[in-house]
There are 2 protein chains.
Amino acid sequence: MGIREPLSEMACGLPHALDVMGERWSFLILRAAFNGLYHFEEFSQELGIARNILSNRLARMVENGVMVRTPCETDRRKVEYRLTEKGLGLLPAMLALRQWGERYTENFNTGLVLVDCRDGLPVQPITIRAHDGRELSWHELGWQTPDKVGQPVDRGSEAHSADKAPDKIENFG
Amino acid sequence: MGIREPLSEMACGLPHALDVMGERWSFLILRAAFNGLYHFEEFSQELGIARNILSNRLARMVENGVMVRTPCETDRRKVEYRLTEKGLGLLPAMLALRQWGERYTENFNTGLVLVDCRDGLPVQPITIRAHDGRELSWHELGWQTPDKVGQPVDRGSEAHSADKAPDKIENFG
DNA sequence: CAAGACTAGTTGCGAATCGCGACCTATAAA
DNA sequence: TTTATAGGTCGCGATTCGCAACTAGTCTTG
């Protein structure tokens, strides 16, 4: 990581997530892995990524526990890269990103729809939900200290009018 | 984007999403914006990012419709950067990434909990849900052509045993 | 109104990263 | 035994990043 310290600050999971997955190609490699690819040459051909970069990213994902690297039993030239449970855990994030990309790409060609295998019906758009399942928007969210969980949060009547902010009204991150 | 063509292939929203948000700092700037910051100097101080990079990223986000840039009425030295609806639409993706980062960061210090303002109860972990709300894992998902939506998908009995893959069994992306 | 301070940048330059092609090693197939 | 394949590494030019310094408008203060 060298000089990149600022990404590693604590109390927010985003820096760590970006540290692991924030480099160019990482998410596309992940997508390919979810696609069922697991050999070096497969990733290389599918993505058209430079070999040294691919090598670097795969090593990094292994190092960070997103993938495991195992020599192939039946053909010892080959190596298998497989998603770990931690890697599989990135599916909601990747899908949310994808859905966003699809929604806001004009003339997006809906070639294939992600569905529940069982009934072939499309999955829902990914949303943020309250404990009881209600869908929540940004304005309905707030931060609470662990000891005060269960107490309503006052967000200071929405700081979003110009020049009101004396300091951070609410802390979303 | 010059030579970066491979990211812009169609039929998948991820390349577009990464094109817009995949550069270093973009997601942290987004987080800061969700935090209620909207001035150049605020972002600069909060993130410790180089000024030229910040300038570049903000311009890019404006260009891509994630933020709008408006000169401040009351102090014309200042400029306001605000999230558009498109920008707000990134909240599920950002939160999914954050939750993943939190979950897999050891000794993660849970300083603040994201809650529903109304009752102060924590939001759910972000998941993928079927049309009827059932939570779905990777193994239960498949791709279907639009005209065949509603027909169950056979994923070829899970390609994930070594050396079976003659070709892509199922196409997750 | 003039002198300073503040905001939002831009510019230049060295350092780090990316992308391409060539090369290398171990294994498998002909 | 020769050739092909898989998974890399190495070197080098092009791009991007990070830092510090500088600039152009716009308040603010005396």
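We use all heavy atoms of the structure for the numbers below, so side chains are in, but hydrogens, waters and symmetry mates are not. These figures come from a predicted structure and were not determined experimentally. Residue numbers start from 1 in every chain, and the chains themselves are labelled A, B, ... in the order their sequence lines are given, proteins ahead of strands.
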When the distance from [atom1] of [X] to [atom2] of [N] is rounded to whole Å, what number comes out?
X: B:L47; N: D:dC17; atom1: CG; atom2: P; value: 15 Å
X: A:E23; N: D:dC17; atom1: CD; atom2: P; value: 12 Å
X: A:Q45; N: D:dA6; atom1: CD; atom2: C1'; value: 11 Å
X: B:I53; N: C:dG12; atom1: CD1; atom2: C1'; value: 13 Å
X: B:N56; N: C:dT10; atom1: CG; atom2: P; value: 9 Å
X: B:I49; N: D:dC19; atom1: CD1; atom2: C1'; value: 13 Å
X: B:L54; N: D:dC17; atom1: CG; atom2: P; value: 13 Å
X: A:R77; N: C:dT27; atom1: CZ; atom2: C1'; value: 6 Å

OP1, OP2 of [N] versus side-chain N and O of [X]: anything below 4.0 Å?
X: B:H39; N: C:dA8; result: yes
X: B:W25; N: D:dC17; result: no
X: A:R69; N: D:dG8; result: yes
X: A:R24; N: C:dG19; result: yes
X: A:Y81; N: D:dG8; result: yes
X: B:S44; N: C:dA8; result: no
X: A:S55; N: D:dG7; result: no

With the side chain of [X] defined as its heavy atoms from C-beta on, choose the nearest nucleotide among [options].
X: A:R51; options: C:dA8, C:dA22, C:dC6; value: C:dA22
X: A:K78; options: C:dA26, D:dG18, D:dG7; value: D:dG7
X: A:N52; options: D:dG7, D:dC19, C:dG19; value: C:dG19
X: B:D75; options: D:dG7, C:dA26, D:dT26; value: D:dT26

(request) Give a yes or no on whether B:V123 and A:V149 share a hydrophobic cluster (residues Ile, Leu, Val, Met, Phe, Trp, Tyr; joining criterion: side-chain heavy atoms under 4.5 Å apart). (result) no
(message) For a quick check under 3.5 Å, do A:S44 and A:E41 share a side-chain donor-acceptor pair by atom type?
(response)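 The answer is no; no qualifying pair exists.
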(request) Flag yes if more than 12 heavy atoms outside B:R134 fall under 6.0 Å of its CZ atom; otherwise flag no. (result)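 Result for CZ/B:R134: enclosed.
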(request) Compare all side-chain heavy atoms of A:V62 with those of A:V68 and state whether any distance is below 4.5 angstrom. (result) no
(request) Identify the heavy atoms of B:T127 and B:R129 that sit nearest to each other, and give their distance. (result) OG1-NE, 3.5 Å
(request) Look at all strands and tell whether B:R76 reaches a base, only sugar-phosphate, or nothing, counting heavy atoms closer than 4.0 Å. (result)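 Sugar-phosphate contact only.
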